[in-house]
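A quick write-up on the structure given underneath.
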Number of protein chains: 2
Amino acid sequence: MNPSDLEKTAGRYAYDGLDRIIHEKARLSIIASLAGYSEGLLFNELKELCSLTDGNLSRHLAILQEADLVQMWKGTRNKRPQTLARLTAHGRRRFLEYVTRLERVVADASQLTQQPESRATLRPRTA
Amino acid sequence: MNPSDLEKTAGRYAYDGLDRIIHEKARLSIIASLAGYSEGLLFNELKELCSLTDGNLSRHLAILQEADLVQMWKGTRNKRPQTLARLTAHGRRRFLEYVTRLERVVADASQLTQQPESRATLRPRTA
DNA sequence: TTTTTAACTTTATACCGTAAAGTAATGAAG
DNA sequence: CTTCATTACTTTACGGTATAAAGTTAAAAA
């Protein structure tokens, strides 16, 4: 890489759009689940789909609700309390934006598959 | 979602393959940069490309080295110490795996773009 | 009426990302 | 030649947060 390329591409791989709140694995998991079920999912369904513990799911849902990405509905089913979670319109939009950024990461990487592995095992240019 | 679907799809959105070490934004940034430059990148080049501070980059590189995803070469250029970082073969492989998982997240989300927004704003089924 | 189960919530801890401070070595300035 | 500034990092310290463990509330069973 020659130095004159640096300005042109500064921040090229900073991936600014990878929103912290969505990027976190557990929450990405939750949001991706909800994205597939526009009518929402129950607490226990989410727990299974995302392989999360109760406490864990609860906290992440609170964070997502705080950020207005998810809305929660408390109700009862068979005389048991039930919580339904679903994406807000805002959450859906933000998720789509996030995925757009992800697509860039994937695209960046896909050129890589063209390169032969051997080029990665040359000695460094300082040697 | 009916309950009988749960077993079939338990963990469906857990995204187990999203390796913590790679998934972290700053490190994803570093690895994606290095993936594009198989001959490696100098410390300052990485700093620019990823928009990271010195301390930050240093710590993340140490973590990546510890995990055997990146290898570092210390040398001198113009009588100045220079550090060259590059992906290990293992790191390259792991990154490719990671990206494969990302593609799944993107694919999960792409079905979403087909769904009309209005379906997300129906009242919950408990109401 | 005591115990168990279900469905969460709250608390506490340990980890970790980040910025600020520190280090070492070179080069310039006076 | 001695001090100051710069380069190229590394180490330390702090704050935030992900996660598991403990706690809560209410219904159902024993």
Side-chain angles (χ1 to χ4, degrees), chain A residues 1 3 6 11 13-16 18-31 40-67 69-86 124 126, chain B residues 1 3 6 11 13-16 18-31 40-67 69-86 124 126:
Chain A
M1 185 172 168
L6 262 180
Y13 291 94
Y15 296 139
D16 283 335
L18 289 187
D19 179 347
R20 226 33 203 261
I21 291 182
I22 299 179
H23 190 61
E24 165 62 32
K25 192 180 142 175
R27 290 190 295 262
L28 178 56
S29 195
I30 293 168
I31 293 177
L41 288 170
L42 297 175
F43 189 92
N44 281 309
E45 292 173 337
L46 270 175
K47 220 177 77 175
E48 289 296 318
L49 283 172
C50 302
S51 304
L52 290 171
T53 60
D54 288 20
N56 224 322
L57 176 55
S58 182
R59 280 231 53 205
H60 285 301
L61 281 176
I63 290 168
L64 289 170
Q65 192 176 18
E66 178 65 23
L69 299 178
V70 165
Q71 60 188 170
M72 316 265 282
W73 300 80
K74 306 260 175 196
T76 45
R77 260 163 73 112
N78 321 329
K79 300 212 172 181
R80 288 268 167 210
Q82 296 272 251
T83 304
L84 185 78
R86 66 145 77 133
T126 49
Chain B
M1 183 171 168
L6 261 182
Y13 291 93
Y15 297 138
D16 283 334
L18 289 188
D19 180 345
R20 229 27 208 263
I21 291 182
I22 299 179
H23 190 61
E24 164 61 31
K25 193 179 139 176
R27 289 190 295 262
L28 177 56
S29 195
I30 292 168
I31 293 177
L41 287 170
L42 297 175
F43 190 92
N44 281 309
E45 292 173 338
L46 270 174
K47 221 178 75 175
E48 289 295 317
L49 283 171
C50 302
S51 304
L52 290 171
T53 61
D54 289 20
N56 224 323
L57 175 56
S58 181
R59 278 229 56 207
H60 286 301
L61 282 176
I63 289 168
L64 290 171
Q65 192 176 18
E66 179 65 24
L69 299 177
V70 166
Q71 58 186 172
M72 315 265 280
W73 300 80
K74 305 264 177 193
T76 46
R77 259 165 76 109
N78 320 330
K79 300 212 171 180
R80 288 269 166 211
Q82 295 271 251
T83 304
L84 185 78
R86 65 145 76 135
T126 50

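Numbers restart at 1 for each chain; the letters A, B, ... are given by sequence-line order, proteins then strands.
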Rounded to whole Å, please give me the gap between [atom1] in [X] and [atom2] in [N].
X	N	atom1	atom2	result
B:N78	C:dT26	CG	P	13 Å
A:L57	C:dT9	CG	C1'	11 Å
A:I63	D:dG16	CD1	C1'	10 Å
B:L46	D:dT10	CG	P	12 Å
A:E45	C:dA7	CD	P	11 Å
B:E66	D:dT10	CD	P	15 Å
A:E24	C:dC15	CD	P	16 Å
B:R77	D:dT6	CZ	P	23 Å

Contact under 4.0 Å: [X] side-chain N or O vs [N] OP1/OP2:
X	N	value
A:K47	C:dA6	no
B:N56	C:dA19	yes
A:K79	C:dT5	no
B:T53	C:dT18	no
B:N44	D:dT7	no
B:Q82	D:dC9	yes

Of the options [options], whose atoms approach the side-chain atoms of [X] most closely?
X	options	answer
A:D54	C:dC8, D:dT19, D:dA27	C:dC8
A:S58	D:dT19, C:dG17, C:dT9	C:dT9
A:F43	D:dA8, D:dA27, C:dT9	C:dT9
B:R80	D:dC9, C:dT26, D:dA26	C:dT26
B:H60	C:dG17, D:dT19, C:dA6	C:dG17

Would you mind classifying the nucleic acid contact of B:A62 as base, sugar-phosphate or nothing, using non-hydrogen atoms under 4.0 angstrom?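 It contacts nothing in the nucleic acid.
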
Once rounded to the nearest 0.5 Å, what's the spacing between atom CG of B:L61 and atom CG of B:L69?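 These two atoms lie 11.5 Å from each other.
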
For A:N78 and A:R80, indicate whether the former's side chain and the latter's backbone hold a donor-acceptor pair under 3.5 Å.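 No: the side chain of A:N78 does not pair with the backbone of A:R80.
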
Check for a donor-acceptor pair, side chain of B:H23 on one end and backbone N or O of A:H23 on the other, with a separation under 3.5 Å.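 Yes, because the side chain of B:H23 sits within donor-acceptor range (under 3.5 Å) of the backbone of A:H23.
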
Do the side chains of A:L28 and A:K25 get nearer than 4.5 Å, heavy atoms only?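 No - every pair of side-chain heavy atoms lies 4.5 Å or more apart.
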
So do B:I30 and B:L46 actually touch side chain to side chain, heavy atoms under 4.5 Å?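 B:L46 reaches B:I30 side chain to side chain.
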
Whichever of A:R59 and A:R20 has its nearest DNA chain C nucleotide further upstream toward 5':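 On the 5' side of the pair lies A:R59.
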
Grab the two heavy atoms, one from B:C50 and one from A:A14, that are nearest each other, plus how far apart they are.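 Taking every non-hydrogen atom into account, O-CB, 3.6 Å.
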
